[in-house]
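Naming: A, B, ... by sequence-line order, numbering from 1 per chain.
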Amino acid sequence: MADTERVPTVVADGVHITYTVRNGPSGTRRVHAVKGVSFAAYKGEAIGLIGSNGSGKSTLLKAVAGLQPVERGQVYTQGQPSLLGVNAALMGDLTGERNVILGGLAMGMSRAEVRERYDDIVEFSGVNEKDDAISRPMRTYSSGMGARLRFAIAAAKSHDVLLIDEALATGDARFRRRSQRRIDELRAEAGTVFLVSHSNSTITETCERALWLEAGTLRMDGPAREVVAAYEDFTGAGKTRQT
Amino acid sequence: MTTQSLAPPEALPSAAPPQDLRALALRHGLTVSGARPSLPAYARQLWSRRAFITAFASARLTAQYSQARLGQVWQLMTPLLNAAVYYAIFGVLMNAKHGVPDYVPFLITGIFVWTFTSQTLTAGTRAISGNLGLVRALHFPRASLPISLALQQLQQFLLSLAALVVILFGFGEFPAPSWLLAIPALFLQTLFNTGAALVLARLAARLPDVSQLMPFVLRTWMYASGAMWSIQNLASDGRFPAGVVLALQCNPAAVYIDLMRFALIGSYTSAQLPPHVWALAAGWALLAFGGGFIWFWKAEESYGRG
């Protein structure tokens, strides 16, 4: 690809990421999660990240978001990429209503913006369909309701570079369709979308390009269909090797 | 979690990345992700997040007792029960009230003011280490967390103050012009607490064992600061050199406790305060807040690592 006219939004230049795992007083273990990954992502692209469990996909995504320091190499970004997700900011003891406000503020929205989008968020989540659940503490929600409200809050804000980590697998079929539509909207508003998923069909449907990480290194970077096909060959081979 | 690499995979990039990625990034004006902003930029970011800081503080305050039957009543019950226990042990059993006029207001003011400092410091140690999920998921200036928790403790303390005022009425202390001095005293104490919380947040983020050590540090500090006994009486006792007594009196916790007593209790006069007490109070506050803020900022990009 000799196309230099396209505008890059995320550039990873030889990125290595290590982190320390503490186990007990004497033992700390260094985990080398990402080993020398390089790529350039351009405006308007939707890029899928695939690979086995623990291959470093989520860690790489965190580094792009600036939430995980890199050991060597550098991640350059346009603006501030954001991970889709606010779970950690929400409190189960508070009502859904207060969590919508808290989550919105945590993502960097102003009070006025939160107020403006509040009704849309509640309606999108659908938690109020049967009763006035939004005024109940979130810990009383069913797991599906909680997941829907969390997604609705997280998806309320549009971003330059959006990073989505397995967010599509929440809620029932009806909500999944709705959230798929919202992801498409976010994609249209965002410059670039990264999607981590274990569902190969989600990757090929949503993304035109895919990165395949295996054991922290970039195995393949190319059109989503080709990369997913190669990955499926590999996992099939992996199964026979294990037995 | 487990990322052991067994076989070095044969790299087969089908779309070769541009040769000089760094040059490409810089040509298009991309910036390094997660780099630490300058101190003024950091302060501006923090200010723009003030709505989140206050919302997080009051959310924590509301969530704190929401599982308890008595709910928010515990906000008042906890300091009152503490005061009752300390009165029984120090006032009655150990007779610390001997030679202290208005011992109950003296004791309860001391306990409440100390509790504000100790709770803020304890919260500070957990500000980063107890919110790693948040730090790893969302982007915001990390100082928001210790500042927000300090604010939560301030709100809690204002509620305790309401209880304190009622107790003071019960013991014949009524509002006087000197009560206004409680406002600057409280302001300076809050600054000091917040700064110390920032320091502890960074320490405990790197070294989780700090939070194990804190209860002992805090207990020692409480006993040394005259929360339930009079440092002044120690001076007249004559068993300790004047320098030791002065050092105890000038430690920040004692300064803020004594200023609040001076403001609220009629029989507690300026003779019982160390020299230059307001300068001391302001100095500790500025030192802790300024130093704490800069020191916390210096490690901004490392929080949540590992």
Original post:
Any side-chain heavy atom of B:Leu21 within less than 4.5 Å of one from A:Val11?
Top reply: yes

**OP:** Indicate yes or no: at least one non-hydrogen side-chain atom of A:Tyr76 is less than 4.5 angstrom from one of B:Thr31.
**Re:**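 Heavy-atom side-chain distance check fails, nothing below 4.5 Å.
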
**OP:** Would you confirm whether A:Arg111, through its side chain, and B:Phe52, through its main-chain N or O, come within 3.5 Å as a donor-acceptor pair?
**Re:** no

Original post:
Which residue out of B:Val32, B:Leu30, B:Ile53 racks up the most heavy-atom pairs below 4.5 Å with chain A?
Top reply: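 Most pairs with chain A among the choices: B:Leu30.
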
Please classify the contact between [X] and chain B as side chain, backbone, both or neither, with a heavy-atom cut-off of under 4.5 Å.
{"X": "A:Gln80", "value": "side chain"}
{"X": "A:Arg209", "value": "neither"}
{"X": "A:Ala65", "value": "backbone"}
{"X": "A:Met91", "value": "side chain"}
{"X": "A:Ala12", "value": "backbone"}

Subject >> B:Arg36, part contacting chain A, at a heavy-atom distance under 4.5 Å >> reply: neither

**OP:** Check whether B:Leu26 gets within reach of chain A through its side chain, its backbone, both or neither, counting any heavy atom under 4.5 Å.
**Re:**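 For B:Leu26, the side chain is the part near chain A, not the backbone.
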
Subject >> Nearest heavy-atom neighbours spanning B:Leu24 and A:Pro8 >> reply: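 Reported closest heavy-atom pair: CG-CG, 4.0 Å.
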
Original post:
For the residue pair A:Leu67 and B:His139, what are the closest heavy atoms and their distance?
Top reply: CD2-CD2, 3.8 Å

Could you pull out all donor-acceptor pairs under 3.5 Å where a side-chain atom in residues 54-63 of chain B meets a protein atom, sequence neighbours excluded?
unit_1: B:Thr54; atom_1: OG1; unit_2: B:Arg50; atom_2: O; d: 3.2
unit_1: B:Thr54; atom_1: OG1; unit_2: B:Ala51; atom_2: O; d: 3.1
unit_1: B:Ser58; atom_1: OG; unit_2: B:Thr54; atom_2: O; d: 3.1
unit_1: B:Ser58; atom_1: OG; unit_2: B:Ala55; atom_2: O; d: 3.4
unit_1: B:Thr62; atom_1: OG1; unit_2: A:Arg98; atom_2: NH1; d: 2.9
unit_1: B:Thr62; atom_1: OG1; unit_2: B:Ser58; atom_2: O; d: 2.7

Original post:
So which of A:Leu105, A:Val10, A:Thr77 has the biggest tally of heavy-atom pairs under 4.5 Å with chain B?
Top reply: A:Thr77

Subject >> For chain B, the option from A:Leu94, A:Leu83, A:Val114, A:Thr59 that forms the most heavy-atom pairs under 4.5 Å >> reply: A:Leu94

To the nearest 0.5 Å, what is the distance between [atom1] on [X] and [atom2] on [Y]?
{"X": "A:Gln68", "Y": "B:Glu301", "atom1": "CD", "atom2": "CD", "result": "12.5 Å"}
{"X": "A:Ser38", "Y": "B:Arg22", "atom1": "OG", "atom2": "CZ", "result": "13.5 Å"}
{"X": "A:Lys62", "Y": "B:Arg136", "atom1": "NZ", "atom2": "CZ", "result": "7.0 Å"}

Original post:
Got a sec: does the CZ of A:Arg72 have more than 12 other heavy atoms crowding it under 6.0 Å?
Top reply: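 Result for CZ/A:Arg72: open.
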
